[in-house]
Amino acid sequence: MDTEQLAEPNPSPSNCPAWTPEGNSLKKGALKRTPFSMCKKVHSSFKSPLQVTEIAKLSPEEEVAELERTRGKLDAEIAQLEAEGYRVEELERHIDKLHEYNDIKDIGQSLLGRLAALRGTTTRDLYSHFGLDLED
């Protein structure tokens, strides 16, 4: 897919080559994912959502020093939380309980969806039928 031709500033039907299935830029059988889009960004090359940080531009020695500073800050935060009475085991148990809650909620959502499909209604209607809050 050639993305250079789509980099025009204001795409319009006249200058956007992929705006119709009959467009000259489309080869037979090679339809683009969104052939009717007139937005130049849709067909541009993939850009990772991960951003390059300043650490990546540093020398290995500077990167190690920066990581050691970050580790020191995190160790200080951990020490402060432990001084306030928090324990790692308690946090891990809390996280496990949250995972369990989310698993049970997902199963409940799935069951409500299936029941709604069988009854030919929406899950929203089932929430009110069973006395559930939509935020549950």
Next on the checklist: Just to verify, what does Glu84 make a salt bridge (Lys or Arg N to Asp or Glu O under 4.0 Å) with, not counting sequence neighbours?
Outcome noted: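 Per chain and number, Glu84 pairs via salt bridge (Lys or Arg N to Asp or Glu O under 4.0 Å) with no residue.
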
Following the transitive rule for hydrophobic clusters with a side-chain heavy-atom cut-off under 4.5 Å over Ile, Leu, Val, Met, Phe, Trp and Tyr, establish whether [X] and [Y] coincide in one cluster.
| X | Y | value |
| --- | --- | --- |
| Leu98 | Ile104 | no |
| Leu134 | Leu132 | yes |
| Leu91 | Tyr86 | no |

Item to check | Residue pair Tyr127 / Leu112, side-chain heavy-atom distance below 4.5 Å | outcome: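 Side-chain contact under 4.5 Å: yes.
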
Next on the checklist: Are Glu63 and Ser59 packed together at the side-chain level, in the sense that at least one heavy-atom pair is separated by less than 4.5 angstrom?
Outcome noted: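 With C-beta onward as the side chain, the pair stays apart.
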
Checklist entry - Rounded to the nearest 0.5 Å, how far apart are CD of Gln109 and CG of Asn102? => result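 Atom-to-atom, Gln109:CD and Asn102:CG are 11.0 Å apart.
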
Checklist entry - Does Glu66 come within less than 4.0 Å of Arg69, counting only side-chain N to carboxylate O? => result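 Looking at Arg69 together with Glu66, the answer is yes, because their closest N to O distance falls below 4.0 Å.
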
Checklist entry - Could you walk me through whether Phe130 and Leu115 pass the side chain to side chain contact (heavy atoms under 4.5 Å, CB included) check? => result CA-CA 12 Å; Phe130 291 113; Leu115 185 59; 3.8 Å; yes

Item to check | side chain to side chain contact (heavy atoms under 4.5 Å, CB included) evaluation trace for Glu92 with Lys97 | outcome: CA-CA 9 Å; Glu92 289 173 357; Lys97 293 286 185 185; over 6 Å; no

Next on the checklist: Please give me the minimum heavy-atom distance between Thr123 and Gly113, naming the atom from each residue.
Outcome noted: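 That closest heavy-atom pairing would be CG2-CA, 3.7 Å.
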
Item to check | Taking every non-hydrogen atom, the tightest pair across Asp125 and Thr121 | outcome: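 Scanning both residues, the minimum pair turns out to be OD2-OG1, 2.8 Å.
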
Item to check | Worked verdict on Ile107 versus Leu111 for side chain to side chain contact (heavy atoms under 4.5 Å, CB included) | outcome: CA-CA 6 Å; Ile107 292 168; Leu111 290 173; 4.1 Å; yes

